[in-house]
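Presented below is the structure to which this report refers.
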Number of protein chains: 2
Amino acid sequence: MSLRIALLGLLTVTGPSSGYDLTKLFERSIGYAWQAGHSQIYPELNKMAAEGWVTVEQEGPRGRKSYAVTDAGALELRRWLLDKEPSRLYRDERLLRAFFLPTLEPHEAAALLRTEVEAHNAQLAHLEALRDDRERKEAGFGDYALDLGIRKTQTVCDWAADTAATIEESAGEARP
Amino acid sequence: MSLRIALLGLLTVTGPSSGYDLTKLFERSIGYAWQAGHSQIYPELNKMAAEGWVTVEQEGPRGRKSYAVTDAGALELRRWLLDKEPSRLYRDERLLRAFFLPTLEPHEAAALLRTEVEAHNAQLAHLEALRDDRERKEAGFGDYALDLGIRKTQTVCDWAADTAATIEESAGEARP
DNA sequence: CTAAACATGTAAACGGTTACATGATTCG
DNA sequence: CGAATCATGTAACCGTTTACATGTTTAG
């Protein structure tokens, strides 16, 4: 379901696009929240076209097909956004790893967290550059999500630094 | 892969357990980072047993089978934790929704964010109670992860509140 | 002319969800 | 004895990943 929603959403905010465009845009934008490659996107667009959620607006060179959201599709997107079902899927391999940090030696766990801090700092710099770059132009699609992404990255970064410090501290006490 | 890791990790920190135990523990602990039901867990344990990552330690009443991690299994867990591949899977339906908030009317988006604030506050209270309850007893499995969970929940909560305020403000300006 | 980028598709294998199916033990 | 809980499994279906497969246009 979420893939359909992602595609409907992207088509709504960016206007008519091809599967190829959507695949690229996926990576650059909602790739932080959902992943899908062209081999999943092309069939899905065809299915949605068959069900009347999108239409093939025009066919261009190189077999390019441009899709647009129909009224039925727009309604489905609306429903998904507003229906407050409590079953929102969430999967996070990093968080999973956090659970099992204590199965490592303290110095290993701390080292791992230090690399995590670095990785998140880099990610943070990247996202902030993106935001600042946009601010000079007009506001774009995904501004709220970008803000959330920055805040979450900062939070995870702080957690990793604090946790590394805690682990190093108690390991130091253990061997005075 | 992640399911196997989750099971190996749980078996490592809690000691020998049955598929039934692991299913329940899954919900209560790493359910925040990964979801799996018994219909996925039982076959996976059998596969891992066949591959020598776990062994059936003992069989109890009602067909109960208790599994334990082997040295080979422990090594696989270690590898997964330490291998710093940059491809850590992340999926978040809530974040996906954040991307498409601008397709709604401002008052709808703001209302949706307000319910999000409430939901996260409730979740936050739940997680903090869990942590405080544990602090009085001895430190348990998943303490670092719980800390991360609390911080992330707080962050999302703040974001939702701030974003709702921003949207309401600019909607107010539009109709003075 | 040739390499890169554009553009779309299918198929096999794998992972995950929902529903079906069964039986043993314990508690009231 | 009946209901709840313990305990395990299978099968059908759907979603996702990886690999295969093909052809067009543009830029150098």
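Letters A, B, ... mirror the listed sequences (proteins, then strands); counts begin at 1.
- You'll find the ring centres of A:Tyr42 and A:Tyr20 outside the 6.0 Å limit.
- A cation-pi geometry, defined here as NZ or CZ lying under 6.0 Å from the six-membered ring centre and within 45° of its normal, holds between B:Arg88 and B:Trp80.
- Atom P of nucleotide C:dG15 and atom CE of B:Met48 are separated by 12 Å, given to the nearest angstrom.
- Side-chain polar atoms of A:Asp162 and B:Tyr144 form no donor-acceptor pair below 3.5 angstrom.
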Fill in: Nucleotide-resolved protein contact map, nucleotides 9-20 of chain D, B/S/- at heavy-atom distance under 4.0 Å
BB----SSBBB-
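- With hydrogens and angles disregarded, no donor-acceptor distance shorter than 3.5 Å links the side chain of B:Thr70 to the backbone of B:Ala68.
- Checking side-chain atoms of A:Thr163 against main-chain N and O of A:Ala160 turns up no donor-acceptor pair under 3.5 Å.
- Atom CG in B:Asp21 sits about 10 Å away from atom C1' in D:dA7, given to the nearest Å.
- Atom pair B:Ile41:CD1 and C:dG16:P shows a separation of 11 Å (rounding to whole Å applied).
- In this structure, B:Leu45 places its CG atom 14 Å from P of C:dG16, rounding to the nearest Å.
- Two residues are said to be in side-chain contact when any heavy atoms from C-beta on lie closer than 4.5 Å; B:Met1 and B:Leu89 fail this criterion.
- Side-chain atoms of B:Thr155 and B:Asp158 include no donor-acceptor pair closer than 3.5 Å.
- Rounded to an integer number of Å, the gap from CG of B:Leu22 to P of D:dC6 is 14 Å.
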Protein-nucleotides 3-6 of chain C N/O pairs closer than 3.5 Å?
unit_1	atom_1	unit_2	atom_2	d
C:dC6	OP2	A:Tyr20	OH	2.7
C:dC6	O5'	A:Tyr20	OH	3.4
C:dC6	O4'	A:Arg62	NH1	3.2
C:dC6	O3'	A:Arg62	NH2	3.4

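- Distance alone, capped at 3.5 Å, places no donor-acceptor pair between the A:Thr14 side chain and the A:Thr12 backbone.
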